[in-house]
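All values derive from a computational prediction rather than experimental measurement. For reference, positions follow the sequence shown, starting with 1.
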Amino acid sequence: MSILATIKDHSGRIYRGIQALLVASIAATAIAAFGLTENGSRATALAMSMMATSLALLVLMYMRSSVVQRLQSAADAEAEKHRFLGIDAMTGAMTRRYFLEALSDRLGTLRNRRQASLVLIDLDHFKQLNDTFGHQFGDLALAYLVKEAERIFADGIIGRLGGDEFGVIVPHGDAAAISKDARRLLDAMRAGKRHEGKIIPLSISLGVALAPLHASNPTELMLLADLALYESKAAGRGRVTVFDEEMLSDKRYRRLVERELRAAIYLGELELHYQPIVGTEGSIDALEGLIRWRHPVRGLISPAEFIPIAERSTLIDMIGEWVFKRACADIGHFPGRRISINVSGEQLKRDEIVTMCERILRDTGRSASGFIIEITETVATAATPEILRRLEALRGLGFHIALDDFGTGHCGFNYLKTLPIDSVKIDRSYIRSLAHDQVAQIFVSALAQIARIQDITIVAEGVETSEEFTLARTAGCGRFQGYFFGKPAPRDKTSALCAADGEPLALSA
C-alpha cells in the first residue's frame with residue numbers, strides 16, 4: 001500500500017470517530033439548551049457536550065500530528081529514493097542521467113543562457129590498474145579521484161559518466177581558472193594512492209569545453225569536451241586540453257585522409273617495406289614488413305600519420321588485409337625467413353581478423369608458420385578475453401605472436417606467463433641506455449632470463465651501433481633489429497640484401 005493510501009485509510013477511521021463525538025456533543029448541547037430535561041440532567045448534558053467537544057479537539061490534534069509525521073516519512077522515503085537513483089554508490093558521484101539533467105539546467109534556456117564549463121576526466125590505464133593491483137584498488141582509485149575532484153572543484157558538480165570516465169560541471173567559463181584547477185587535480189593524482197603500504201601513482205586525462213563560448217546545448221558541449229579529452233589522450237595522456245576550433249579542422253582533415261586512403265588502397269599507392277631482423281651472428285633470420293603510403297602529391301607518408309586515422313574506421317581492416325596479402329606474395333622472395341607484420345588492436349576487436357587470415361592463407365597456399373604477428377604492449381595490457389581468444393586462434397593456425405614495444409607501459413613480467421606469445425621486442429629506449437643506465441641493464445638481463453625459462457625469444461629493437469649490438473647480445477637478447485643492420489627498404493632491395501647474406505638460417509625464431 002502506498003504512503004498516501006495508508007494516510008487516507010488511517011485518517012478515515014479517525015475522521016469517523018470525530019464525527020461521532022461531535023454529533024454526541026451537539027445532541028447533548030441541544031438537550032440542555034431546549035430544557036428537555038431537569039436541571040440536574042441539563043448540567044450533565046452540558047458536561048457531556050464539553051467532554052465530547054474536548055475529545056474531538058484532542059483527536060483532531062492527534063490526527064494533524066499523525067498526518068504531518070506520515071507526510072514527513074513519505075518525503076524522507078522519496079528523498080532517499082532520489083538519492084539512491086542519483087548517486088553512484090561506489091564513488092559518491094552523481095549518476096549519468098542526473099548529471100546530464102543538471103548540465104541541462106545549468107546551461108539554461110535559449111532566452112537565458114548561462115556560463116558554465118564541462119570538464120571530462122578519464123582515469124588512464126584503468127584496466128592495467130585492475131589487472132596489476134586488483135579490482136578493489138581500481139574501485140578505490142575511482143573513489144579517490146571523485147574525492148579529490150570534489151575538493152579542488154569545490155563549486156562543481158561531479159558525475160560518473162562511464163566505467164572510468166567522470167564529468168565536472170563548473171558554474172563559470174574562466175578557462176584559465178579551470179586549467180589551473182585541472183593541473184592541481186593532475187598533481188594530486190600523480191602523488192598517488194596508498195595501497196598495501198605502497199604509494200601507487202595515478203594518471204588522468206582531461207578535456208574542457210566552455211558554454212556558451214563553444215556550445216550552448218548539453219549534447220554538443222559533451223561532444224566538444226570529449227574531443228578535447230581525446231586530444232589529451234592522443235598527446236600522451238596525463239594532461240588537460242581545452243577545446244579550440246582547430247580540433248574541428250583536424251576532424252575535417254581526418255575525413256579527408258580517410259577518403260584519400262580508401263582510394264590509395266584501390267589505386268595501389270601502398271607499399272610494404274622490409275627491415276631485417278638478425279641473429280647473434282648477424283645473419284638475417286626474419287624481416288618486419290612496414291607499410292608506407294606513396295601519395296602522388298605529398299610523397300611517402302609515414303604510417304604514424306595515417307594508421308591512427310584508419311583505426312577509427314573499418315579502413316584498418318582493409319589495410320590489414322592488404323598488408324597480409326602483400327606479405328604472402330613477397331615471402332617467396334625471402335626463402336627461409338619469416339615475415340613479421342603488425343596487427344592493430346582495433347583489428348583484434350573483431351573475429352574477422354581470424355577468418356581473413358585463414359582465407360588468404362588458403363587462397364595463396366602459404367603456411368602461417370612463415371609469419372609473425374606483432375601486437376603492441378598497449379594492446380596486450382588492454383586485451384579482453386575475446387582478444388586473447390583471437391590471439392590463441394591465430395597461434396593455433398601456426399602464426400608466431402610477438403609482443404612489441406615491451407617496457408613502455410604497464411606490462412609487467414607476469415604478462416609473459418599469461419599472454420600467448422612466442423617473442424618479445426624490447427623497446428629501443430632500453431637498448432640505447434644499456435651503455436650508461438644500470439636500470440636498463442638489469443631490466444634487459446632479467447627479461448632475457450625470464451624469457452629463456454618461458455622459451456620466448458627476445459628481440460632488441462633500435463640497434464644503431466656495434467656497441468649497442470654487443471651490449472644487447474651480452475645482456476641475453478637473441479634477435480636484433482635496427483639501422484645498424486639495415487633500414488626499411490622495398491622488397492627488391494631487401495631481397496638482394498638477403499641473397500648477399502649467404503645461406504639463410506633455419507626458421508627457429
Side-chain angles (χ1 to χ4, degrees), residues 72-107 116-172 177-209 211 218 221-222 225-226 228-229 232-233 237-240:
Q72 184 61 49
S73 297
D76 292 343
E78 189 69 17
E80 179 64 20
K81 178 182 176 182
H82 279 287
R83 192 194 71 78
F84 178 77
L85 294 174
I87 300 297
D88 176 59
M90 188 181 74
T91 64
M94 188 177 286
T95 57
R96 180 183 179 89
R97 172 188 167 188
Y98 284 84
F99 179 82
L100 294 178
E101 288 179 0
L103 177 61
S104 182
D105 291 341
R106 177 62 209 177
L107 295 182
S117 302
L118 175 62
V119 183
L120 293 185
I121 308 171
D122 191 84
L123 184 61
D124 298 327
H125 309 297
F126 182 55
K127 185 180 185 301
Q128 291 91 309
L129 288 174
N130 281 331
D131 290 345
T132 305
F133 304 107
H135 288 273
Q136 184 179 8
F137 177 75
D139 294 345
L140 290 173
L142 295 176
Y144 179 68
L145 169 57
V146 171
K147 180 182 176 182
E148 290 299 299
E150 288 175 339
R151 178 179 65 84
I152 291 171
F153 295 99
D155 55 350
I157 298 174
I158 318 295
R160 187 179 185 184
L161 304 178
D164 59 349
E165 186 175 334
F166 297 84
V168 183
I169 303 170
V170 183
H172 62 77
I178 293 171
S179 295
K180 182 179 178 181
D181 287 340
R183 285 191 290 271
R184 288 174 58 206
L185 183 58
L186 280 165
D187 292 339
M189 299 305 288
R190 287 187 186 118
K193 179 82 173 71
R194 182 172 292 277
H195 177 66
E196 297 180 351
K198 297 182 293 185
I199 299 295
I200 311 299
L202 301 171
S203 172
I204 56 174
S205 299
L206 303 96
V208 182
L221 192 68
M222 184 74 73
D226 189 61
L229 175 62
S232 289
K233 291 179 180 180
R237 294 184 169 86
R239 63 193 66 211
V240 57

Residue pair [X] / [Y]: nearest heavy atoms and the distance that separates them:
X      : Y      : value
Val240 : Ala182 : CG2-CB, 3.8 Å
Val208 : Ala228 : N-CB, 3.8 Å
Met222 : Leu100 : CE-CD2, 3.3 Å
Tyr144 : Ala188 : OH-O, 3.7 Å
Pro218 : Leu107 : N-CD1, 3.5 Å
His172 : Ser117 : O-OG, 2.6 Å

**Item:** Residue from Leu145, Leu229, Leu161 passing side-chain contact (heavy atoms from CB on, under 4.5 Å) with Asp122
**Value:** Leu229
**Message:** Exactly one of Leu120, Leu186, Val168 should register a side-chain contact (heavy atoms from CB on, under 4.5 Å) with Leu206. Which one does?
**Reply:** Leu186
Test of understanding: with salt bridge (charged side-chain N to carboxylate O under 4.0 Å, His left out), list the residues that count as partners of [X], not counting sequence neighbours.
X      : result
Arg184 : Asp181
Arg183 : none
Glu150 : none
Glu165 : none

**Message:** Under the rule for ring pair (Phe, Tyr, Trp, His ring centres under 6.0 Å), what residues qualify as partners of Phe137, not counting sequence neighbours?
**Reply:** Phe133, His195
Rounded to the nearest 0.5 Å, what separates atom [atom1] in [X] from atom [atom2] in [Y]?
X      : Y      : atom1 : atom2 : answer
Met90  : Leu142 : CE    : CG    : 4.5 Å
Phe153 : Leu185 : CZ    : CG    : 6.0 Å
Leu123 : Phe166 : CG    : CZ    : 7.5 Å
Asp164 : Thr91  : CG    : OG1   : 12.0 Å
Gln136 : Leu140 : CD    : CG    : 5.5 Å
Ile121 : Ile204 : CD1   : CD1   : 5.5 Å

**Message:** Going by side chain to side chain contact (heavy atoms under 4.5 Å, CB included), name the residues that satisfy it together with Ala191, two or more places apart in sequence or in a different chain.
**Reply:** none
**All side chain to side chain contact (heavy atoms under 4.5 Å, CB included) counterparts of Arg239, not counting sequence neighbours** = Ser232, Ala235
Applying side chain to side chain donor-acceptor pair (under 3.5 Å), name anything that partners [X], two or more places apart in sequence or on another chain.
X      : value
Ser205 : Asp124
Asp187 : Arg190
Arg237 : none

**Request:** With the side chain counted from C-beta on, respond yes when Asp88 and Arg96 share a heavy-atom pair under 4.5 Å apart, and no when they do not.
**Result:** no
**Message:** Any heavy-atom pair between the side chains of Arg160 and Phe99 that's under 4.5 Å?
**Reply:** no
